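Keep in mind that the numbers below use all heavy atoms, side chains included, and drop hydrogens, waters and symmetry copies. All values derive from a computational prediction rather than experimental measurement. Per chain, numbering begins at 1; letters A, B, ... match sequence-line order.
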There are 2 protein chains.
Amino acid sequence: MRIDMPVAAQIRQRLARRIAGEISLSDQPGRVMRQWREMFHIPQIQLAESLGVSPSVISDYESGRRQSPGTKTIKRFVETIITLDEHNGGQVVNAFQRLMGVDIPTSIILDIREFNQGVSATALLESIRAQVVAGEEALDREVLGYVVVDTTKALDVLSSNGFLKLFESTGERALILVNASTGRSPLITIKDDFKPSLFVLHGVEKLDYLAIELANRERVPLAVSRMESIEGMLRKLQILGKYAPNEKT
Amino acid sequence: MRIDMPVAAQIRQRLARRIAGEISLSDQPGRVMRQWREMFHIPQIQLAESLGVSPSVISDYESGRRQSPGTKTIKRFVETIITLDEHNGGQVVNAFQRLMGVDIPTSIILDIREFNQGVSATALLESIRAQVVAGEEALDREVLGYVVVDTTKALDVLSSNGFLKLFESTGERALILVNASTGRSPLITIKDDFKPSLFVLHGVEKLDYLAIELANRERVPLAVSRMESIEGMLRKLQILGKYAPNEKT
DNA sequence: GCAAATTTACGCTAATTGACGAACTTTTTC
DNA sequence: GAAAAAGTTCGTCAATTAGCGTAAATTTGC
């Protein structure tokens, strides 16, 4: 009987199939291609270079000038973005591994990444100007990665079970919830066993008292970021990922 | 919070993505298209009609004259075969549901189907001219579907864990193993909890004594089919599926 | 073993892709 | 606030797809 395929190769394959499937089934394949390219933080120029084509080609696809790219194109595209990520430590592919079983729609995830080495919770919070409001006693942790979720969209699209699964799959990582008006609805879903090791809210208008209580009870640090824009926060996280963990920004 | 998507729609979507992904990532997309069309038991002619194109078009794809079909083509193809199956009771889509979590390569599965209503174990065995050799006492069952696996390929491709998962996912169905030279290797993998409710071997040269012992111990009926060809057996099963369960063939 | 059903092979046409490159706009960065 | 980086738009062109239809080949059903 054959030996198991290396786990890494298996994940790679499954993710590749998923991306390829999404592109093929979409009415706007170019849009999906852009989503994934951005998820992988690859500029058009770099992608074009790796593919050996001119940057305008990428733009033409993404903008929809090509409405029905062929399998050859899709295949090259998918394999290239995954390979580029692997050369970079596999930060995105590895982060996706934990979401694979869950079947969470990509659209709610604004960013996701696995650090090459753990980052202290405080360093992460500092970099995105977040203030701790509960669960301080559990702050001496290292987080292994993060997921940024659009809370509004998530509430719209995810079933309560889906939410729970998202939490479970984020264990030992930071879960960053943007557009979290009160922070109540997501925090309510916390359950004993598996949960993120750090919650960050962004876009909070009026923090809910229950959210604070729940975080304290579950001993999860809860923080609120005061960054002006989501984009700014994503940029900070990206930088953190690049230089993790031995530099402070 | 939103209500869950109907389970059926979810499965449909996941299967669609999987098929689309496989096609897009293949070096011979046409070959994969054929595999799936055959898995769904849809003749080219019928598929062509549903797609509103001429049958030669399908053949051209499958034979590889079109080497890189576009997303539009793939999308239409996938959605059409799934819809056709649904109009037919969803026999294939439902059968695949149970394999979805497992990630078993399609190539080892020669046929798969969920009956619209249960079929008695004896009727199934009769239809493919199979003789019971062990576990007779558990023959008064209904089976809800079947999976036909190419044992040689499976041993080649599947890890032992994959084999176990295959068994688990076949619970209450018949597992039909073709190219099963002695029947030993697969039977060894049986574990207590979840297992097929009926084993059928085909292409046995010399049945292994251990296979019989294990089947008796685990109280699973084990039978050996005497059909000449695999194709013949698949045809019989197909007919059984069509007229299940109130007719004897 | 013949008729019917299914699949293949292929020439042909129109539409689209896949690609370039140059000029231009937008976004970052210092 | 200028320079650099990143992304867009679009005219152009060869190669390929997506499609039809017909004749030939193959498979299946009685």
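Not one side-chain nitrogen or oxygen of B/Ser59 sits closer than 4.0 Å to the OP1 or OP2 atom of C/dT7. The side chain of A/Gln67 places no N or O atom within less than 4.0 Å of a non-bridging phosphate oxygen (OP1 or OP2) of C/dT16. For the OP1/OP2 pair of C/dG18 and a distance below 4.0 Å, the side-chain nitrogens and oxygens of A/Thr73 include at least one atom meeting the criterion.
Counting only heavy atoms from C-beta on, A/Tyr61 has its side chain closest to C/dG18 among C/dT8, C/dG18, D/dA18. Each of D/dC20, C/dT8, D/dT8 was ranked by its minimum atom distance to the side chain of B/Gln44; first place goes to C/dT8. The side chain of B/Arg37 approaches C/dT7 more closely than any other nucleotide in the set C/dT7, C/dC20, D/dC20. Of the candidate nucleotides D/dT17, C/dT8, D/dA6, C/dT8 has the atom lying nearest to any side-chain atom of B/Ser56. Closest to the side chain of B/Arg76, from the set D/dG19, C/dT8, D/dT8, is D/dG19. Side-chain proximity of A/Ser63 to D/dT9, C/dT7, C/dA9: nearest is D/dT9.
Recorded end-axis angle for the helix from C/dG1-D/dC30 to C/dC30-D/dG1 stands at 70°, based on five pairs per end and rounded to 10 degrees.
The shortest distance between side-chain heavy atoms of B/Val178 and B/Met233 falls below 4.5 Å. With a 4.5 Å cut-off on side-chain heavy atoms, B/Ile42 and B/Thr80 do not count as touching.
Taking atom CD1 of residue A/Ile42 and atom C1' of nucleotide D/dA5, one finds them 17 Å apart after rounding to whole Å. The distance from atom CG of A/Leu51 to atom P of C/dG18 is 12 Å, rounded to the nearest whole Å. Protein atom NZ of A/Lys72 is 11 Å distant from nucleotide atom C1' of C/dG18, rounded to whole Å. Residue A/Asp60 contributes atom CG, which lies 11 Å from atom P of C/dT17 at whole-angstrom precision. Atom-to-atom, CZ of B/Arg34 to C1' of D/dT27 comes out at 13 Å; the value is rounded to the nearest Å. Here the C1' atom of nucleotide C/dA19 and the CZ atom of A/Phe77 are 17 Å apart, to the nearest Å. The distance between atom CD1 of A/Ile45 and atom C1' of C/dT27, rounded to the nearest whole Å, is 12 Å. Between the C1' atom of D/dT28 and the CZ atom of B/Arg235 lies a distance of 7 Å, rounded to the nearest Å.
Around CD of B/Glu172, the count of heavy atoms belonging to other residues, nucleotides or ligands within 6.0 Å does not exceed 12.
Side-chain atoms of B/Ser68 come within 3.5 Å of backbone N or O of A/Thr71 as a donor-acceptor pair.
Donor-acceptor pairing under 3.5 Å, judged by distance alone, is present between the side chain of B/Arg66 and the base of D/dG19. Residue-to-nucleotide contacts include no donor-acceptor pair under 3.5 Å from the side chain of A/Arg65 to the base of D/dG7.
Nearer the 5' end of DNA chain C, as judged by each residue's closest nucleotide, is the contact made by B/Pro43, out of B/Pro43 and A/Pro69.
Taking the six-membered ring for Trp and the full ring otherwise, the centers of A/Tyr61 and A/Trp36 sit at least 6.0 Å from each other.
Looking at B/Gln97 and B/Glu114, their side chains never bring a donor and an acceptor atom within 3.5 Å of each other.
Considering B/Lys72, B/Lys75, B/Arg76 in turn, B/Lys75 is the only one that fulfils the salt bridge (Lys or Arg N to Asp or Glu O under 4.0 Å) rule with A/Asp27.
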